[in-house]
Amino acid sequence: MSATTTRLPGCPGWPEDFAARYREAGYWRGETFGRVLRERAARHGDRTALVGGTERSTYAQLDARVDQLAAGLQALGLQPRDRVVVQLPNIPAFYEVVFALFRLGALPVFALPAHRDVEIGYFCEFTEAAAYVIADRHGGFDYRALASRVREKTPSLRHVLVVGDAGPFTALSSLYASAPARLTEPSPEDVAFFQLSGGSTGVPKLIPRTHDDYIYSLRASAEICRLDTSSVYLCALPAAHNFPMSSPGAFGTFYAGGTVVLALHPSPDVAFPLIAKERVTLTALVPPLAMVWMDAAKAGRHDLSSLQYIQVGGAKFSAEAAARVRSTLGCGVQQVFGMAEGLVNYTRLDDAEALVVNTQGRPISPEDELRIVDEDGNDVAPGETGQLLTRGPYTIRGYYKAEAHNARAFTSDGFYCTGDLVRMTPEGYLVVEGRAKDQINRGGDKVAAEEVENHLLAHPSVHDAAVVSMPDAFLGERTCAFVIARGAPPPATALTGFLRERGLAAFKIPDRVEFVDAFPKTGVGKVSKKALRETLSARPAPR
Ligand code: OOB
């Protein structure tokens, strides 16, 4: 059972001594996603597993649907380890597809519904994806048109599978076969899927997560969050994101035998009636949504009394806002500071109010190793702020096929450099103080500055570009692109329109464009983003 011999090429694994330690401690238990669902169906067959739109399925029904779909996907020719880009909204098919792929040992690549040609084209090409799974339309966007464009450019892409009206492609509904598939169970130490990194580089990085490591993180999360068969989890954030997937999210809820309720949109209009109807006990939100929910709850139109607590994470939740959750929503709050690369921190349900309001929690595992270091990589004094480095039983040791980047993003002894600036309280809780990475956190949506800069540079009127964050009362941060024009500056809308036309996800399009003659430089001659951010406060926003 070596973690390295069976590993997918291009996915750095844990050294054997660490893997042995994690198994011995009982963290890695040799479970796989396919078997977990099978076992839950045996134990909780008649319980409701999933509610979405007008569909409801018990664990037994979900398990059977997943088997049928796995058989159909196999008949289509999908093989173990084939990569499959999954881009679905919060609909039941999302879980049927991913569990069917898990059973086949094929590897979902979790794209977000907001991704467009640039991102999807890259995921399909980089992973040499064999299939791409979409809904026909969602949020006013036709994913079939996107699929046609991507397919033209990606020779590896053999299948486009569509929930709803398939147009020229294959209807997912036609694949639920009656003949059972003959499956070769994937190994627990195998990669199960790819999550996406928020990133700070030119192209998004792919995060290989194994059955062993991911199931440990969601099992421990379910314990910390006290999930059981009576738990009703509302998945309001995009299901593909790590937070609503495993912290403890939908997977943690399935693990505990609870019920997952899907909201197609996280707005109070959609979510509140669902909470009242399904007696939702728990959900996960990003800070701007939590604010919107707190405002909307004042109207008192919906019965939210079933909510035990909400989780807030993905970006910093202010202490002032955290302190208002109980008086507005009538439930508790848990802060969650996590990352798709692994490490997740939670405030605990029985923590003192001061910890819950003022900190971003402490790690899941006693085996999570944390270091807080200065710019030279030396440990800071206790309580001081520095960059967080981490390694542990569910934190990756490297991105997929990214050797050169891995050499920078991980220390030689395997710590992941999070790029987050944190300090640790005497109780061992983390407070996020800022960021050392070149990324903008737009209310939980992560924007890699370099990626947007590269796309701007492709415009003929752009000589140079630097993308920075600007403070925003609602999202926490928005993006501003500073541009040195080649010749006369074009209208800002010409640039944003250009990015949109290239097919960049909407959340990455700069909120503001400022033309300048030159960029301020640091002592060593690099563009000083700090100085650029400072000039913003002196320039009133053009609104
Ligand atoms: C979650 O995952 P990602 O991969 O989208 O983003 C990770 C980054 C962190 O490195 C940090 O910069 C930021 O998002 N972040 C927070 C935060 N939670 C995440 N910054 C401040 N305060 C927080 N509470 O965002 C994610 C994954 C699992 C659970 C929760 C969030």
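Both counts, for ligands and for their atoms, begin at 1 and track the order of listing.
Taking the centre of each ring, Tyr122 and Phe126 come in below the 6.0 Å mark. You'll find the ring centres of Phe33 and Phe251 inside the 6.0 Å limit.
When the ring pair (Phe, Tyr, Trp, His ring centres under 6.0 Å) test is applied to His241, no partner is found at least two apart in sequence or on another chain. Among residues two or more places apart in sequence or in another chain, the ring pair (Phe, Tyr, Trp, His ring centres under 6.0 Å) test is passed with Phe243 by none. Listed by chain and residue number, nothing satisfies the salt bridge (Lys or Arg N to Asp or Glu O under 4.0 Å) test with Lys526 (two or more places apart in sequence, or in another chain).
With no hydrogens or angles considered, a side-chain donor-acceptor pair links Tyr416 and Glu341 at under 3.5 Å.
Sorted by chain and number, the residues within 4.0 Å of ligand 1 by heavy atom are His241, Asn242, Phe243, Ser247, Gly313, Gly314, Ala315, Lys316, Val336, Phe337, Gly338, Met339, Ala340, Gln360, Asp420, Val432, Lys437, Asn441, Lys446.
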